[in-house]
> 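First the structure, which I've put down as C-alpha cells, then a few questions once you've had a look.
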Amino acid sequence: MPAYAVIGGQWGDEGKGKVIDYLAGDVDSVVRYAGGNNAGHTVVNDKGTFQLHLVPSGICWPNAYGIIGNGVVVDPDVLVAELAEIAARGIDTSRLYISERAHVIMPYHIVLDHYEEKARGDAAIGTTGRGIGPAYMDKIGRMGIRVGDLLDWDSLVPMVEQVLDHKNALITKIYGGEPLALDDVLAKCLLWAEQLAPYAKPTEQLIQDLLAQGKRVLLEGAQGTLLDIDHGSYPYVTSSSPSIGGACTGLGLNPQAISGVLGVFKAYSTRVGGGPMPSEISEAEGSEIREKAHEFGVTTGRARRIGWFDGVAAKYSQLINGFTGLVLTRLDILDGFKSIKLCVAYEVNGERLDRFPANTGLLARCKPIYEEMPGWDQPTASATELSQLPENALAYVKRIEELVGCRAQIISTGPSRGETIQVEPVFT
Ligand code: IMP
C-alpha cells in the first residue's frame, strides 16, 4: 500500500495534528520527516487533549506505529519527557521508532540559538529557541551527532570533544558566554544513549518493509511550506524542508511510494515569528480571531499574527507540493463574520503581482488585493456533513478550492476528531 503525506500549506499551525489523528485510525504507521520540537501538534480525542512536539500525532491509535525519521532533529530530553507524559495517560509508547540517522539537538545548539537570535537584533527570525537552526547547521556542516552515534561510545567521545571545542570557541570568543563542560555534555550523551537505545532503528528499512507488506503509511509534516528553508520566505524560515521534497529525503523514501499529498490550510492565515505576511490584518481586527481561535503558539505560547486567507501564497504552495487534495481547517472560526476577505493577488510598486516573490524585501512591500465574500450567520461549528454548511460557507470553500487549484477532501469544523466533514475519500 502507498504512503500519503499531510503537509502544511501555509506558515505552520494549520491544524495538522488534528488531521493526522483523524486519519491515523485507517493507517498502520505515522512518520515525522522534518523539524523538531519547534513543532506543536494539538490532538483532541476520546483520551483527552495532547500537545505533541516530537512524537507523531498517530500515537493515540493502538493500530499505528510512530516513526521519527532521519530528517527530524531530536532533543532527547524533550522526547523522553513527552513519552513519559503520554504513557502516564495510558497510551502505549512501545510502538515508537527513531531513525539512527536522526540528528541530536545538543546542549550547545540551544545556547547558540539564543545567542544567534540576539545578535540578529531587529532582523531576528523569532525562532522557537529550541536549537533547531544550529542543529541543522551542524548537520549540513558535517559536524552533527546522530542518534546512532550516541550508541557507539568509543567513536562518540572524540566526536563530541572536537565539536565542543569549536562550539565553546564560538560561545566564548564571539558571544562572550560561558563554555560548556565536556564532562556534562558526555554525561548527557550517556543518559540519552540508554534512554533512546530501545527506540533506535534503521527506519528507512522499516518504512520500506511496511509498504512492502501492504501497510498504509502517513507522512506527518511539521511547520509549513512557507517556512521551508528552500521555498519559504527566506531568511524568515525554519531550517528544514516541511514541503514534499523533505518527506523523501527526511525518510529515505522514494517519490513513487507517495500516492497522495494533502495540503492543510486554515480558513485564514497565521504566522508566528518575524518575516513578511502580505495579508496580515491589524491588531484590532486580528485579535477577534486570535481570541476566538486561541491563536497562541503551542510550543512557545507566543501570540500568532493573524491574516486573511492568502490565495497567492496558497497557489505557490500547491506549485511546490502538487497537492492531490486540500484539507481546510478552522472554518468554524469565521462563523458570524459579516464579510470575509481573500487575498487574490498582490500589488507592489503600483503593479499587480500574481505570484509569491522570492525576494523577501519585495514580499514585504506587497500589499494584498482582496476579494470580499459575504459571511454566514448559521454555524459551521461541529458540522459533519457538507449539507450542514450554510450556502455562503460552501461558496467560500469553493473559492479557496479555485485559488489553490485542488478539491477539498476534508473540512475541519472544530478541534476534536468528530468535528470533521469527510468530503471525499483520502485513501484510494
Ligand atoms: P525555528 O524553527 O525555531 O528555527 O524558528 C524559525 C521560524 O519558524 C520562526 O519564525 C518560528 O516561529 C517558526 N516556526 C518554527 N516551528 C514552527 C511551528 O511549528 N509552527 C509555526 N511556526 C514555526
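In what follows, residues are counted from 1 in the order of the sequence shown. Both counts, for ligands and for their atoms, begin at 1 and track the order of listing.
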> Ring pair (Phe, Tyr, Trp, His ring centres under 6.0 Å) with W376: which residues, sequence neighbours excluded?
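By the ring pair (Phe, Tyr, Trp, His ring centres under 6.0 Å) rule, W376 matches Y396.
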> So that I can tick it off, tell me whether K398 and E401 are bridged by a salt bridge, with the cut-off set at under 4.0 angstrom between side-chain N and carboxylate O.
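Not counted as a salt bridge, because no side-chain N and carboxylate O are separated by less than 4.0 Å.
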> For ligand 1, output the ligand-protein N/O contacts shorter than 3.5 angstrom; if there are none, return none.
from, atom 1, to, atom 2, distance (Å)
ligand 1, 2 (O), N38, ND2, 2.8
ligand 1, 2 (O), T238, OG1, 2.6
ligand 1, 3 (O), T128, N, 2.8
ligand 1, 3 (O), T128, OG1, 2.6
ligand 1, 10 (O), I125, O, 3.3
ligand 1, 10 (O), V272, O, 3.2
ligand 1, 12 (O), G126, O, 3.3
ligand 1, 12 (O), V272, O, 3.0
ligand 1, 12 (O), R302, NH2, 3.0
ligand 1, 16 (N), Q223, NE2, 3.2
ligand 1, 19 (O), N38, O, 3.4
ligand 1, 19 (O), Q223, NE2, 3.3
ligand 1, 20 (N), D13, OD1, 3.1
ligand 1, 20 (N), D13, OD2, 3.4

> Quick test of your reading: applying salt bridge (Lys or Arg N to Asp or Glu O under 4.0 Å), list the pairs with at least one residue in residues 2-22, sequence neighbours left out, ordered by first then second residue.
D13-R304, E14-K16, D21-R417
> Kindly state each residue pair satisfying salt bridge (Lys or Arg N to Asp or Glu O under 4.0 Å) with at least one member in residues 92-113, sequence neighbours excluded.
D92-R95, R101-E204
> Can you tell me how far the SG atom of C406 sits from the CZ atom of F323, to the nearest 0.5 Å?
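Output value for this atom pair is 7.5 Å.
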> Sub-3.5 Å donor-acceptor pair from the side chain of R365 to the main-chain atoms of E347, do we have one?
no
